[in-house]
Chemist: 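My questions will all concern the structure given below.
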Amino acid sequence: MKAPPKPWPTGLVETPEPLVRRVLAPNPSPYTYTGTQTYLVGNEGDVAVIDPGPDEAEHVDAILAAVGGAKITAIMCTHTHRDHSPAAVPLAARTGAPIVGCAPLVLEDEGPRSDAPFDKTYAPDRVLEDGESMTGIGWTLTAVHTPGHTSNHLCFAIEESGALFTGDHVMGWSTSVIVPPDGDMGDYMLSLDKLYQREDKVYYPAHGPAITNPRQLVRGMVGHRRQRESQITRLLSEEARAIEAMVPLMYKGLDERLIGAAGMSVKAHLLDMERRGLVARSDDIWQIL
């Protein structure tokens, strides 16, 4: 999906539903679409901030302006890529709010990406396990563990409205990038199935528009990943190949800035297929079994 025409609503408050407001961060890129969307949940005295975004002073100021006179009772992060969690530290320093949500995770992935690597400043006061909740005045947010994009990825469900904040696990503008070694295609597919079994009414992703047909989109994403695996199977059935030789055959007309990310997704598929005994490798050359 192409980005909408400018001006984008960076720093402005939008209200997709009564319990939810969002503020767009000034960090657009080929990997983040128009930027990271920070969400505020609640409006009767206390609010939760979901994915505070990059550590940009103007974005932190915009979040606080959107909160107004309410009290921030939780700063919640879906995962710890640097376009999602770094603003948690300055926001907590200015408000005294606890940082709650995903587990800390610091490692070097195999890139490339504009949001890499992981946020080394992230230090949660409380880690939410799958099914655990945070509550406020008129709202309840329940953690849904969805590893795959990262091993520590969480979604958050608003019990009162049926909305789900999907972070980078499901986005309407693009498929999620799976970057080994932490990103895992097998886990990602299981997490997609987990969401498909739910009955959420709308998804609010960290990047891109709200998703009003959640189960239909998730079903399409599962089909897309299976199609990619079928492409890999067909190419390796013709001859053994390196990932670099497969990417241009699988991704026609791809933006050159995204070639590295596409290669990482192909590798994630291959590692999953290797675990399942479908392919093998010798150095950088992969072959079908």
Chemist: Can you tell me if Glu256 has over 12 outside heavy atoms packed within less than 6.0 Å of its CD?
Modeler: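 Result for CD/Glu256: open.
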Chemist: For a 4.5 angstrom cut-off between non-hydrogen side-chain atoms, does Thr73 reach Val47?
Modeler: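 No, too far: nothing below the 4.5 Å cut-off.
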Chemist: Give the intermediate values and the outcome of side chain to side chain donor-acceptor pair (under 3.5 Å) for residues Glu132 and Thr142.
Modeler: CA-CA 6 Å; Glu132 282 194 289; Thr142 300; over 6 Å; no
Chemist: Starting from Leu141, walk the hydrophobic network (Ile, Leu, Val, Met, Phe, Trp, Tyr; side-chain heavy atoms closer than 4.5 Å) and list everyone else you reach, by chain and number.
Modeler: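 ILVMFWY cluster around Leu141 also holds Leu19, Val20, Tyr39, Val41, Ile50, Met76, Val100, Leu128, Met134, Trp139, Leu154, Phe156, Ile158, Phe165, Val202, Tyr204.
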Chemist: If you count every heavy atom of other residues, nucleotides or ligands that lies below 6.0 Å from Glu239 atom CD, does the total exceed 12?
Modeler: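 Counting other residues, nucleotides and ligands, CD of Glu239 exceeds 12 neighbours.
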Chemist: Determine whether the side chains of Thr78 and Asp168 contain a donor N or O and an acceptor N or O closer than 3.5 Å.
Modeler: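 Absent: no donor and acceptor within the cut-off.
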Chemist: Does a side-chain heavy-atom distance below 4.5 Å link Trp286 with Glu274?
Modeler: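 Touching, per the 4.5 Å side-chain cut-off.
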Chemist: Would you name the heavy atoms of Asp125 and Pro98 that are closest together and state the gap between them?
Modeler: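 Closest approach of Asp125 to Pro98: OD2-CA, 3.3 Å.
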Chemist: Just how far is it from atom CE of Met185 to atom CG of Leu192, taken to the nearest 0.5 Å?
Modeler: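 Between Met185 CE and Leu192 CG, I get 9.5 Å after rounding to 0.5 Å.
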Chemist: Got a donor-acceptor contact below 3.5 angstrom from the Arg228 side chain to the Met250 backbone?
Modeler: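 Looks like yes, one N/O pair under 3.5 Å.
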Chemist: Atom OG1 in Thr32, atom CG in Asn27: separation rounded to 0.5 Å?
Modeler: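 If we round to the nearest 0.5 Å, Thr32:OG1 and Asn27:CG are 5.0 Å apart.
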Chemist: Test: salt bridge (charged side-chain N to carboxylate O under 4.0 Å, His left out). Region: residues 7-31. Which pairs qualify, not counting sequence neighbours?
Modeler: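 Sorted result for residues 7-31: Glu14-Arg22.
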Chemist: Decide yes or no on side chain to side chain donor-acceptor pair (under 3.5 Å) for Glu160 and Thr140, but give the supporting numbers first.
Modeler: CA-CA 7 Å; Glu160 290 77 7; Thr140 306; 2.8 Å; yes
Chemist: Looking only at heavy atoms, which two atoms of Gly101 and Tyr122 are closest? And how far apart?
Modeler: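 Of all heavy-atom pairs spanning Gly101 and Tyr122, the closest is C-OH, 3.9 Å.
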Chemist: Hey, does Ile288 have a side-chain heavy atom less than 4.5 Å from the side chain of Leu278?
Modeler: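 When only atoms from C-beta onward are counted, Ile288 and Leu278 do not touch, as no gap falls below 4.5 Å.
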Chemist: Which distance, rounded to the nearest 0.5 Å, do you find between the OH of Tyr203 and the CZ of Arg215?
Modeler: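 So the gap between those two atoms works out to 8.5 Å.
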Chemist: Linking I/L/V/M/F/W/Y whenever their side-chain heavy atoms sit closer than 4.5 Å, directly or via other members, would Ile99 and Val127 fall into one cluster?
Modeler: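 No, because Ile99 and Val127 fall into different hydrophobic clusters, even though each may have its own neighbours under 4.5 Å.
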Chemist: Do Thr150 and Thr80 pass the side chain to side chain contact (heavy atoms under 4.5 Å, CB included) test, and can you show the C-alpha distance, the side-chain angles, and the key distance before you say yes or no?
Modeler: CA-CA 8 Å; Thr150 61; Thr80 48; over 6 Å; no
Chemist: Taking the ring centre of each residue, are His153 and His81 less than 6.0 Å apart?
Modeler: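 Between His153 and His81, the centre distance exceeds or equals 6.0 Å.
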Chemist: Quick one, Arg226 and Val222 - any side-chain contact, counting heavy atoms below 4.5 Å?
Modeler: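 Yes, side chains in contact.
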Chemist: Let me confirm one number: the OG-NE2 distance from Ser265 to His269, rounded to the nearest 0.5 Å.
Modeler: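 It comes to 6.5 Å.
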Chemist: For Asp184 and Ile178, which heavy atoms make the closest approach, and how far apart are they?
Modeler: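 Looking at all heavy atoms of both residues, the closest pair is N-CG2, 3.4 Å.
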Chemist: I'd like to check Asp51 versus Gln37 (side-chain heavy atoms, cut-off strictly below 4.5 Å). Are they in contact?
Modeler: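 A side-chain contact is absent here, since even the closest heavy-atom pair is not under 4.5 Å.
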Chemist: Given side chain to side chain contact (heavy atoms under 4.5 Å, CB included), test Ile137 with Asn43 step by step and report yes or no.
Modeler: CA-CA 8 Å; Ile137 300 173; Asn43 49 28; over 6 Å; no
Chemist: How close do Gly263 and Ile243 get, counting heavy atoms only, and between which atoms?
Modeler: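 So the two residues come closest at O-CG2, 3.7 Å.
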Chemist: Rounded to the nearest 0.5 Å, what's the gap from CG on Asn213 to CD1 on Ile211? Could you check?
Modeler: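 Going from the CG atom of Asn213 to the CD1 atom of Ile211 covers 7.5 Å.
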Chemist: Which heavy atom of Ala66 sits nearest a heavy atom of Val23, and at what distance?
Modeler: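 So the two residues come closest at CB-CG2, 3.9 Å.
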Chemist: Can any side-chain N or O of Thr166 pair as donor or acceptor with the backbone N or O of Cys155 at less than 3.5 Å?
Modeler: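 Such a contact is absent between Thr166 side chain and Cys155 backbone.
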Chemist: What's the verdict on side chain to side chain contact (heavy atoms under 4.5 Å, CB included) for Leu249 and Gln231, showing C-alpha distance, side-chain angles and the deciding distance?
Modeler: CA-CA 9 Å; Leu249 299 174; Gln231 284 181 292; over 6 Å; no
Chemist: Is the shortest heavy-atom distance from the side chain of Pro209 to the side chain of Tyr33 under 4.5 Å?
Modeler: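 Side chain of Pro209 against side chain of Tyr33, heavy atoms only: contact under 4.5 Å found.
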Chemist: Do Ile72 and Asp46 come close enough that some side-chain heavy atom pair is under 4.5 Å?
Modeler: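 No; the side chains remain at least 4.5 Å from each other.
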Chemist: So that I can tick it off, tell me whether Asp284 and Arg241 are bridged by a salt bridge, with the cut-off set at under 4.0 angstrom between side-chain N and carboxylate O.
Modeler: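 Salt bridge absent between Arg241 and Asp284.
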Chemist: Please answer whether the main-chain N or O of Pro147 pairs with a side-chain N or O of Ser151 as donor and acceptor at a distance below 3.5 Å.
Modeler: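 No; judged by distance alone, with no hydrogens or angles, the pair does not exist.
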Chemist: Please walk me through it: do Leu91 and Leu64 pass side chain to side chain contact (heavy atoms under 4.5 Å, CB included)?
Modeler: CA-CA 8 Å; Leu91 193 59; Leu64 290 173; 3.7 Å; yes
Chemist: Test salt bridge (charged side-chain N to carboxylate O under 4.0 Å, His left out) on Arg276 and Glu229; report intermediate values, then the result.
Modeler: CA-CA 12 Å; Arg276 291 152 53 203; Glu229 183 174 312; 2.9 Å; yes
Chemist: So does Ile285 get a backbone contact from the side chain of Asp283, meaning a donor-acceptor N/O pair under 3.5 Å?
Modeler: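 No, because the side chain of Asp283 does not come within donor-acceptor range (under 3.5 Å) of the backbone of Ile285.
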Chemist: Can Leu164 be reached from Tyr196 by stepping across I, L, V, M, F, W or Y side chains whose heavy atoms are under 4.5 Å apart?
Modeler: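 Tyr196 clusters together with Leu164.
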Chemist: Kindly give the heavy-atom pair with the smallest separation between Arg225 and Ser176, and that separation in Å.
Modeler: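 Closest pair (atom of Arg225, atom of Ser176, distance): NH2-O, 2.5 Å.
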Chemist: Can a side-chain donor-acceptor contact be found between His59 and Thr38 if the only test is distance below 3.5 angstrom?
Modeler: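 Side-chain D/A pair, Thr38 to His59: present.
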Chemist: Do Val144 and Lys194 make a side-chain contact, defined as non-hydrogen atoms from C-beta onward lying under 4.5 Å apart?
Modeler: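 The answer is yes; the side chains approach within 4.5 Å.
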Chemist: Please confirm whether the ring centroid of Phe118 lies under 6.0 Å from the ring centroid of His79.
Modeler: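 They do not qualify: ring centres at least 6.0 Å apart.
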Chemist: Grouping I, L, V, M, F, W and Y whenever their side-chain heavy atoms are under 4.5 Å apart, do Val89 and Val49 come out in a common cluster?
Modeler: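 Val89 does not cluster with Val49.
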Chemist: Take Lys267 and Asp272 through the test salt bridge (charged side-chain N to carboxylate O under 4.0 Å, His left out) and record every step on the way to the result.
Modeler: CA-CA 9 Å; Lys267 183 172 185 178; Asp272 179 50; over 6 Å; no
Chemist: Look up atom CE in Met171 and atom NE2 in His149, then write down how far apart they are to the nearest 0.5 Å.
Modeler: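 Met171 CE to His149 NE2: 6.5 Å, rounded to 0.5 Å.
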Chemist: In the single-linkage hydrophobic clustering (I, L, V, M, F, W, Y; side-chain heavy atoms under 4.5 Å), do Leu254 and Leu235 co-cluster?
Modeler: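 Result: yes, single cluster for both.
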Chemist: For the side chain of Asp130 and the backbone of His145, is there at least one donor-acceptor N/O pair under 3.5 Å apart?
Modeler: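 Judged by distance alone, yes, a pair lies under 3.5 Å.
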Chemist: Check whether Asn152 reaches the backbone of Ala103 with its side chain - one donor and one acceptor, N or O, closer than 3.5 Å.
Modeler: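 At least one qualifying donor-acceptor pair exists.
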